[in-house]
Number of protein chains: 2
Amino acid sequence: MKAKKSENNFRSDCPISSALDLFGDKWSLLIIRDMVYFGERTFKDFTNAAERISTARLSDRLCKLENLGLITKSNHPTNKKIYLYNLTAKGMDLFPVIAEYIRWSNKYLNDHIAKEAKEYAKMLENDRPAALNHFMKR
Amino acid sequence: MKAKKSENNFRSDCPISSALDLFGDKWSLLIIRDMVYFGERTFKDFTNAAERISTARLSDRLCKLENLGLITKSNHPTNKKIYLYNLTAKGMDLFPVIAEYIRWSNKYLNDHIAKEAKEYAKMLENDRPAALNHFMKR
DNA sequence: TAATTTTACTTTCGATTCGGAAGCAAATAT
DNA sequence: ATATTTGCTTCCGAATCGAAAGTAAAATTA
């Protein structure tokens with residue numbers, strides 16, 4: 001119902017502003033993040049993330065991301081009430097963006113971020129292709 | 001006056017959400033982008049960008065970015081009414097994030113984005129370190 | 001020197017988007 | 001048969017938004 005159509009009102013032909021037009025909000029990349037780390041997710045799974053997204057916002061973002069072709073929504077094999085969300089290749093291909101946020105935050109927000117993130121940032125520094133493959137190869 | 005204090009209310013200790021908490025809006029990275037491409041900029045310069053940021057929003061973002069230590073604000077050598085904005089190393093270090101947005105948009109929004117961006121995306125594919133240095137080395 | 005223009009904001013205002021809480025119907029579990 | 005779970009919607013007040021107009025000080029022009 002609240003399925004937002006992905007309106008083609010880009011601010012310009014700049015690739016950066018266009019990407020931000022599509023998923024430049026505070027939640028979209030976090031939803032992608034969860035799926036990169038954990039793979040297949042349910043609505044409930046997403047609500048359990050540390051950032052505590054509201055169900056209204058989550059419902060809206062999942063619709064948008066599906067409309068953009070970044071994720072897919074499918075039925076649970078046995079439970080008809082549960083839906084399974086998966087990343088598409090297009091969605092997974094946003095991980096390098098995420099990885100650069102991790103690198104930057106590790107460098108400038110180091111005393112604030114989680115230990116595991118620091119370790120992954122170190123992997124990125126030492127061997128970026130391998131570190132990216134760690135999550136993107138599937 | 002409208003200098004927003006950078007409040008330490010991060011949603012979590014995740015490096016991605018924390019970065020988005022700081023500059024995960026639709027304008028901050030575009031301001032950084034302009035400075036990466038053109039170097040030193042004035043208030044007026046920013047308002048001339050294709051995305052047409054409003055002066056209220058621009059004023060607010062420049063304050064925030066300065067408070068975050070991503071940019072500096074200094075006086076014009078002869079004109080006291082004009083201020084000069086420059087990237088700090090911390091701000092310039094966001095360019096790899098921007099570069100990944102360019103790469104992604106070139107791949108999935110190709111028929112929409114500017115020609116020059118496509119060429120830069122090709123440089124990134126062929127030799128990423130060199131392409132990054134093209135703008136970051138200064 | 002007086003009048004005009006430029007520059008960097010601020011203010012105002014209506015619209016949009018936000019988070020939080022409650023509500024809901026259908027499916028599942030008990 | 002009843003209770004619970006799940007995905008999602010609705011409501012509401014608060015925050016944020018873009019657009020436009022206004023401002024004060026400095027610089028330029030006349």
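Any value given below was found using the heavy atoms of this structure, including those in side chains, with hydrogens, waters and symmetry copies removed. Chain identifiers are assigned alphabetically (A, B, ...) following the order of the sequence lines, protein sequences preceding nucleic acid strands; residue numbering begins at 1 within each chain.
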Where Leu132(A) and Pro96(A) come nearest, the two heavy atoms and their spacing: CD2-CA, 4.2 Å

Answer yes when Lys26(A) and Asp25(B) have at least one side-chain N-carboxylate O distance shorter than 4.0 Å, and no when they do not. no

Residues touching DNA chain D, which here means a heavy atom under 4.0 Å, drawn from residues 44-55 of chain B: Arg52(B), Ser54(B), Thr55(B)

With a 4.0 Å limit, can you tell me whether Arg61(B) has a side-chain N or O closer than that to the phosphate oxygens OP1/OP2 of dC17(D)? yes

Give a yes/no on whether any side-chain N or O of Trp27(B) is located under 4.0 angstrom from OP1 or OP2 of dC17(D). no

Over how many whole Å does the gap from Leu30(B) atom CG to dC17(D) atom P extend? 13 Å

Fit a plane to each ring of Phe23(A) and Tyr101(B), take the angle between them on a 0 to 90° scale, and name the class: parallel (under 30°), tilted (30 to 60°) or perpendicular (over 60°). parallel

Using heavy-atom distances to pick each residue's nearest nucleotide on DNA chain D, tell me which of Arg11(A) and Ile82(A) is more 5'. Ile82(A)

Figure out the CD1/C1' separation between Ile71(B) and dA8(C), and round it to whole Å. 14 Å

CA sep, side-chain torsions, deciding dist, call: Leu30(B), Arg11(A), side-chain contact (heavy atoms from CB on, under 4.5 Å): CA-CA 11 Å; Leu30(B) 300 187; Arg11(A) 286 174 291 176; 3.8 Å; yes

Under 4.0 Å between a side-chain nitrogen and a carboxylate oxygen: does that hold for Glu125(A) and Lys122(A)? no

Find out whether Ile71(A) and Asn86(A) are in side-chain contact, i.e. whether some heavy atom of one side chain is under 4.5 Å from a heavy atom of the other. no

Please set out all donor-acceptor pairs under 3.5 angstrom arising from side-chain atoms of residues 114-121 of chain B, sequence neighbours excluded.
{"from": "Lys118(B)", "atom 1": "NZ", "to": "Asn110(B)", "atom 2": "O", "distance (Å)": "3.1"}
{"from": "Tyr120(B)", "atom 1": "OH", "to": "Ala131(B)", "atom 2": "O", "distance (Å)": "2.5"}

Of the nucleotides dG7(D), dA19(D), dC9(C), which has the atom closest to the Lys73(B) side chain? dC9(C)

Would you list the protein and nucleotides 28-30 of chain C atom pairs, both N or O, that sit under 3.5 Å from each other?
{"from": "dT28(C)", "atom 1": "OP1", "to": "Thr78(A)", "atom 2": "O", "distance (Å)": "3.4"}
{"from": "dT28(C)", "atom 1": "OP1", "to": "Lys80(A)", "atom 2": "N", "distance (Å)": "2.6"}

Taking only side-chain N and O atoms of Ser59(A), does any of them lie within less than 4.0 angstrom of OP1 or OP2 on dT9(D)? yes

Closest-nucleotide 5' rank along DNA chain C - winner of Thr42(B) and Lys26(A): Thr42(B)

Glu66(A)/Arg61(A) ion pair, N-O < 4.0 Å: no

Integer-rounded Å distance: dT11(C) C1' and Asp60(B) CG: 14 Å

Where is the tightest heavy-atom contact between Glu100(A) and Val97(B), given as atom of each residue plus distance? CB-CG2, 3.6 Å

Among the nucleotides dC18(C), dG18(D), dG7(D), whichever has the atom closest to the side chain of Arg57(B) is dG18(D)

Could you state the OH-P distance from Tyr85(B) to dA8(C), rounded to the nearest angstrom? 7 Å

Would you kindly give the CG-to-C1' distance between Leu62(B) and dA8(C), to the nearest whole Å? 10 Å

Verify whether one side chain among Thr42(A) and Asp45(A) offers a donor that lies under 3.5 Å from an acceptor in the other. yes

Using atom CG of Leu20(A) as one end and atom C1' of dC17(D) as the other, report the distance to the nearest whole Å. 16 Å

Expressed in angstrom and rounded to an integer, what is the separation of Leu65(A) atom CG from dG7(D) atom P? 16 Å

Rounded to whole Å, the CG-C1' distance (Leu58(A) to dG19(C)) equals 13 Å

